[in-house]
Q: 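Handing you this structure, nothing more for now.
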Amino acid sequence: MATDTLKSQSGASGASGGLRRILLDNGALTALILLVVAMSALSGDFLTTDNLLNIGVQAAVTAILAFGVTFVIVSAGIDLSVGSVAALSATVLAWSATSEGVPVWIAVILAVATGIACGLVNGVLVSYGKLPPFIATLAMLSVGRGLSLVISQGSPIAFPDSVSHLGDTLGGWLPVPVLIMIVMGLVTAVILGRTYIGRAMYAIGGNEEAARLSGLRVKKQKLVIYALSGLFAAAAGIVLASRLSSAQPQAAQGYELDAIAAVVIGGASLAGGTGKASGTLIGALILAVLRNGLNLLSVSAFWQQVVIGVVIALAVLLDTLRRKAGSPGAAAGTGGGGGSVLSGGKSPLKLALAAVVVAAVVGAMSFVNSGSSSSANQKVGLSLSTLNNPFFVQIKKGAQEEAKKLGADLTVTDAQNDASQQANQLQNFTSEGLGSIIVNPVDSDAAGPSVRAANKADIPVVGVDRGVNKANTAALVASDNVEGGRLGAKALAEKLGGKGRIVILQGLAGTSASRERGAGFAEGLKAYPGIEVVARQPADFDRTKGLDVMTNLLQAHPDVDGVFAENDEMALGAIKALGSKAGKSVAVIGFDGTPDGLKAVKDGTLYASVAQQPTELGRIALQNALKAAEGEKVEKTVKVPVKVVTAENVDEFNG
């Protein structure tokens, strides 16, 4: 009996000790569980089936990229090019299959080969060129993005329908991107834990010189390692483009930082020699849970960046403290990654206990939050393409003022000019069950799949400033960008007397606003053959870039007579570059009618701005969203007039 009692106590102690060890030895897993608990307690919409699937989809691209980066970091390298390589691979696939008529299966092979080729170039530069990995992959980041823009001419390319199914669901509920993420995770775990190249990665990362002296062909191994990173980047790019139904040349910007963060949060060391697939997956899920939960909690888009940065630092700090304490799990990945959860590992009990913990947390919080908010019909989500631009800040202001006036609960998100991030935000709005959604698309085509998902959920969607293609919107509240471009051309040409040399500062490549304004301006100039366009350069709707680009253009064209900028921010940068010439010998026209732009018009440095009344756009969009949520009939298209504002009428204009 005494023996049985001791065994029982030992078993109980062992089970609790095993659970404790899992939490202590896996800082990332502990952080993920705590995040799930916190988000579940704070939002009744978090632990729903639809939302959890959304989190999986939103983590998929980052996780696939991060799996490839894991190989590089384990071997004590770094790869900053994966985001650009992903965009380039997807662009190659779409361009070859649509523009060149290449069979889709060959186009897919070309896309994968593109990723591998970029990785091999990185490997050659690092291994044989002796360049630091940071420099070599930073160069590829720029080359990959540039080639993507060259191939696409700066515009999104429709993705083949047969490949776009990778962004769909199986059986109407299981997302294909999640399945691909799991498969790529398993492949990563097998490579790290069961293959010669995996063991070589740990050896090189632990001590490269010792690995070389032991007979490893370090240079050739690095070629394979970077090629694998490029392969995984290509897979991630194809999945991302499938979700958006188009290849975006500016897609996946900044994703390389998310991928590296996921790997490090998952327990890998930037010094090399440590890392595993399961940790990387957990790191990617932490980032996805954070962004999803903060959206559901209506946290300010600006504060979201602060919170995410702080949590990343805390997660890594927890893992660092655990390693310093000498925990037995500190070297979990060092021995070849055999303990990887995804590869089955050496301790099935640990995996089972971790699964029980997660299941218990999810089950408990699902029970607590079984009732969701009953005021969903009063909630409206507004997804803006960016809040780093006064025009869209004014739209937000108009919507918020109207929401306060009408008693609506408005949540505003910032897509930061990233079509995939906006897709995530729209999915979050849909899973939250909002009464209606307002979207200002980064790209009209890329927003289509997410808006169609809202259509299926019977959530009315209102477009503001830009329309959504291949989806149903209850209303479109917009100015006419094409007409605005025509008016801008007419105003500038008449100011110059029908003759002169001008430059055009273009917006962010691939955005519908830039395309439409540029097309309208080009059409309007046809009536003035005496006007010569001497240069066109993108400045990304940014004031600083407008200053830099205009400064450079003035070196080649010092005798320019006029400037058309596709928004006021770039126009204000151009004015700074022109100095005393602005408003005197050089006429500058902007677009949007922002407060700073109108002040420059009043001061005489900006000749005119094609004003869109952004505050009015936001106000009317909110009104229509509430009407649509209540089942009232709304106009399909609501046009807010644009007008050219000059010094003569600026005092009368109220945007």
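These numbers come from a predicted model, not from an experiment.
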Q: Can you find a side-chain donor-acceptor pair between Asn469 and Ser444 that sits under 3.5 Å?
A: no

Q: Could you walk me through whether Lys576 and Leu572 pass the side-chain contact (heavy atoms from CB on, under 4.5 Å) test, one step at a time?
A: CA-CA 6 Å; Lys576 190 71 174 178; Leu572 293 170; over 6 Å; no

Q: Surrounding CG of Asp480 (heavy atoms of other residues, nucleotides or ligands, distance under 6.0 Å), is the total greater than 12?
A: yes

Q: As an exercise, state the distance from OG of Ser155 to CG of Asp443, rounded to the nearest 0.5 Å.
A: 9.0 Å

Q: Considering non-hydrogen atoms only, spot the tightest contact between Ile437 and Ala454 and give its length.
A: CD1-CB, 4.2 Å

Q: How close do Ala419 and Val442 get, heavy atom to heavy atom, and via which atoms?
A: N-CG1, 3.9 Å

Q: Nearest 0.5 Å, what's the CD1-OG distance between Ile157 and Ser152?
A: 5.5 Å

Q: So does Gly144 get a backbone contact from the side chain of Ser148, meaning a donor-acceptor N/O pair under 3.5 Å?
A: no

Q: Output the distance between atom CD1 (Ile620) and atom NZ (Lys639), rounded to the nearest 0.5 Å.
A: 12.5 Å

Q: Counting only heavy atoms not in Lys643 (residues, nucleotides, ligands), do more than 12 fall under 6.0 Å from its NZ?
A: yes

Q: With a 4.5 Å cut-off on side-chain heavy atoms, are Asp418 and Tyr255 touching?
A: yes

Q: Just verifying a value: how many Å separate Leu492 CG and Leu487 CG, rounded to the nearest 0.5 Å?
A: 12.5 Å

Q: Check Ser609 against Asp568 and note the closest heavy-atom contact, atom names and distance.
A: OG-OD1, 2.9 Å

Q: Inspect the surroundings of NZ in Lys633 and state if more than 12 heavy atoms from other residues, nucleotides or ligands are less than 6.0 Å away.
A: no

Q: Considering non-hydrogen atoms only, spot the tightest contact between Leu387 and Lys396 and give its length.
A: CD2-CD, 3.9 Å

Q: Count the heavy atoms belonging to other residues, nucleotides or ligands that lie under 6.0 Å from CD of Glu494, then report whether that count exceeds 12.
A: yes

Q: Output every pair passing salt bridge (charged side-chain N to carboxylate O under 4.0 Å, His left out) with a member in residues 450-472, not counting sequence neighbours, ordered by first then second residue.
A: none

Q: So do Asn428 and Glu432 actually touch side chain to side chain, heavy atoms under 4.5 Å?
A: no

Q: Roughly how far, to the nearest 0.5 Å, is the CG atom of Leu410 from the CG atom of Leu626?
A: 9.0 Å

Q: Counting C-beta onward and ignoring hydrogens, is there a side-chain heavy-atom pair between Asn472 and Val461 closer than 4.5 Å?
A: no

Q: Examine the side chains of Asn51 and Asn292 and answer whether a donor and an acceptor come within less than 3.5 Å of each other.
A: yes

Q: Within the side chain of Asn649, is there an N or O that forms a donor-acceptor pair under 3.5 Å with the backbone of Val644?
A: yes

Q: Quick one: does Leu406's side chain get under 4.5 Å of Leu622's, heavy atoms only?
A: yes

Q: Heavy-atom distance under 4.5 Å between the side chains of Met39 and Ile55, does that happen here?
A: no

Q: Side-chain contact test, heavy atoms from C-beta onward, threshold under 4.5 Å: evaluate it for Arg243 versus Pro449 and give yes or no.
A: no

Q: Would you tell me whether Asn417 and Gln250 have side-chain atoms, one donor and one acceptor, within less than 3.5 Å of each other?
A: no

Q: Considering non-hydrogen atoms only, spot the tightest contact between Val640 and Leu617 and give its length.
A: CG2-CD2, 3.6 Å

Q: Are any of the side-chain heavy atoms of Asn295 and Thr411 separated by less than 4.5 Å?
A: no

Q: Considering all heavy atoms of both residues, which atom of Pro249 and which atom of Arg145 are nearest to each other, and what is their separation?
A: O-NH1, 2.9 Å

Q: Glu569 side chain to Pro390 main-chain N or O, any donor-acceptor pair under 3.5 Å?
A: no

Q: Check this for me: Glu648, atom CD, are more than 12 non-hydrogen atoms of other residues, nucleotides or ligands nearer than 6.0 Å?
A: no

Q: Go through it in stages, so that I can follow the logic: the residues are Val560 and Met550, the test is side-chain contact (heavy atoms from CB on, under 4.5 Å), and I'd like the CA-CA distance, side-chain angles, deciding distance and then a yes or no.
A: CA-CA 11 Å; Val560 67; Met550 192 66 215; 4.3 Å; yes

Q: Kindly check if the number of other-residue, nucleotide or ligand heavy atoms within 6.0 Å of NZ (Lys405) is above 12?
A: no

Q: Write out all pairs satisfying salt bridge (charged side-chain N to carboxylate O under 4.0 Å, His left out) with one or both partners inside residues 552-567, taking only residues at least two apart or from two chains.
A: Arg501-Asp559

Q: Of Asn624, Ile395, Thr637, which meets side-chain contact (heavy atoms from CB on, under 4.5 Å) against Val477?
A: Asn624

Q: Please identify each residue that fulfils side-chain hydrogen bond (donor to acceptor under 3.5 Å, both in side chains) with Thr413, with sequence neighbours left out.
A: Gln425

Q: Begin with the C-alpha distance, continue with both residues' side-chain angles, and end with the deciding distance and a verdict on side-chain contact (heavy atoms from CB on, under 4.5 Å) for Leu244 and Ser420.
A: CA-CA 7 Å; Leu244 303 176; Ser420 59; 4.3 Å; yes

Q: Check whether any side-chain heavy atom of Glu256 sits under 4.5 Å from a side-chain heavy atom of Leu141, and report yes or no.
A: yes

Q: Using the test ring-ring contact (aromatic ring centres under 6.0 Å, His included), find all partners of Tyr607 that sit at least two apart in sequence or belong to another chain.
A: none

Q: Identify all side-chain donor-acceptor contacts of residues 520-541 below 3.5 Å with residues at least two apart in sequence or on another chain.
A:
unit_1, atom_1, unit_2, atom_2, d
Glu523, OE2, Arg486, NE, 3.1
Glu523, OE2, Arg486, NH2, 3.4
Asp540, OD2, Lys545, NZ, 2.8

Q: Hey, mind stepping through Arg619 and Glu616 against salt bridge (charged side-chain N to carboxylate O under 4.0 Å, His left out) and telling me if it holds?
A: CA-CA 5 Å; Arg619 186 181 67 80; Glu616 190 72 2; 2.4 Å; yes

Q: CG/Leu88 to CD1/Ile151 distance, rounded to the nearest 0.5 angstrom?
A: 5.5 Å

Q: Go through the steps to decide whether Asn54 and Ser431 satisfy the test side-chain hydrogen bond (donor to acceptor under 3.5 Å, both in side chains), and finish with yes or no.
A: CA-CA 8 Å; Asn54 281 344; Ser431 64; 3.2 Å; yes

Q: Show, in sequence, the C-alpha distance, side-chain angles and deciding distance for Asn440 and Phe392, and conclude whether the side-chain contact (heavy atoms from CB on, under 4.5 Å) test is met.
A: CA-CA 9 Å; Asn440 160 237; Phe392 299 106; 3.2 Å; yes

Q: Can you run down the salt bridge (charged side-chain N to carboxylate O under 4.0 Å, His left out) pairs that involve residues 585-604, sequence neighbours left out, and say none if there aren't any?
A: Arg517-Asp592, Arg543-Asp596, Lys599-Asp603, Lys602-Asp651

Q: Is it true that a side-chain atom of Gln422 and a backbone atom of Ala415 form a donor plus acceptor pair closer than 3.5 Å?
A: no

